[in-house]
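I have placed the structure first, in the form of structure tokens, so that the comments after it can refer back to it.
All figures in this text were calculated on a predicted structure; none of them were measured in a lab. Just follow the structure's listing: the first ligand is 1, and inside any ligand the first atom is 1. Residue numbers count from 1 along this sequence.
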Amino acid sequence: MAPVSLDNPVIRSYLFYSGVLGLKLLGTALLTSKARYTRKVFANEEDARYSGGVVKVNDPEVERARRAHLNDLENIPVFWILGAIFVTTGPSASVATLLFRTYTAMRFLHTIVYAVKPLPQPTRAIVFTIPFLLTVYMGVNIIIHYAEGF
Ligand SMILES: N[C@@H](CCC(=O)N[C@@H](CS)C(=O)NCC(=O)O)C(=O)O
């Protein structure tokens with residue numbers, strides 16, 4: 001098994017894509033802010049007063065951006081946790097990097113087809129399912145790898 005060290009390319013790849021996904025998650029939060037300020041609809045009285053808008057909690061565009069953000073929050077932390085354990089199971093650098101890269105690209109696409117340029121289904125379902133299955137793959141590998149020895 002490759003050493004658990006910062007020189008290990010699998011770990012470097014995991015850390016790189018984890019950082020990208022962290023920034024991506026913050027960016028998705030900003031999509032909600034953008035939708036609020038563009039449409040001048042806010043969740044709180046003080047925000048509406050300060051920005052010259054109205055309180056509205058069911059604006060379709062704002063809610064769409066919020067759901068995209070929530071979906072990231074439901075999925076990306078699972079990648080961070082399972083990915084961190086997965087790298088300790090000794091995957092090959094090429095497989096792990098392909099997995100992390102594909103996961104990251106699909107999560108970007110999910111946000112784009114959900115909140116930036118909505119596309120008809122099953123587009124979003126596909127770009128959701130691929131990274132979902134990649135996290136399942138990591139989880140199953142972790143369980144198989146560590147099933148013995150304790
Ligand atoms: N919390 C999700 C669980 C299932 C899920 O994540 N489905 C994907 C593919 S259809 C999705 O993009 N759901 C939309 C969403 O989370 O708002 C939901 O309510 O839909």
Of the protein's non-hydrogen atoms, which lies at the shortest distance from [atom], and what is that distance?
{"atom": "atom 1 (N) of ligand 1", "result": "E74 OE1, 2.9 Å"}
{"atom": "atom 4 (C) of ligand 1", "result": "F128 CZ, 4.3 Å"}
{"atom": "atom 16 (O) of ligand 1", "result": "N71 ND2, 2.7 Å"}

Y17 versus R101, side-chain donor and acceptor atoms under 3.5 Å: yes

Pair F100 + F79: ring centers closer than 6.0 Å: yes

Contact bool for atom 18 (C) of ligand 1 (protein heavy atom, d < 4.0 Å): no

Which of the atoms in ligand 1, numbered in the order shown and given with their element, are less than 4.0 Å from a heavy-atom of [X]?
{"X": "R67", "answer": "17 (O)"}
{"X": "H110", "answer": "11 (C), 12 (O)"}
{"X": "Q121", "answer": "10 (S)"}

T88 (side chain) donor-acceptor with A84 (main chain) under 3.5 angstrom: no

T89 side-chain N/O to I85 backbone N/O, donor-acceptor pair under 3.5 Å: no

K24 NZ/CZ over F108 ring centroid, <6.0 Å and within 45° of normal: yes

Polar contact flag for Y114 and ligand 1 (N/O pairs, less than 3.5 Å): yes

Test item: Y114 and L109 side chains (from C-beta on) under 4.5 Å apart, heavy atoms: no

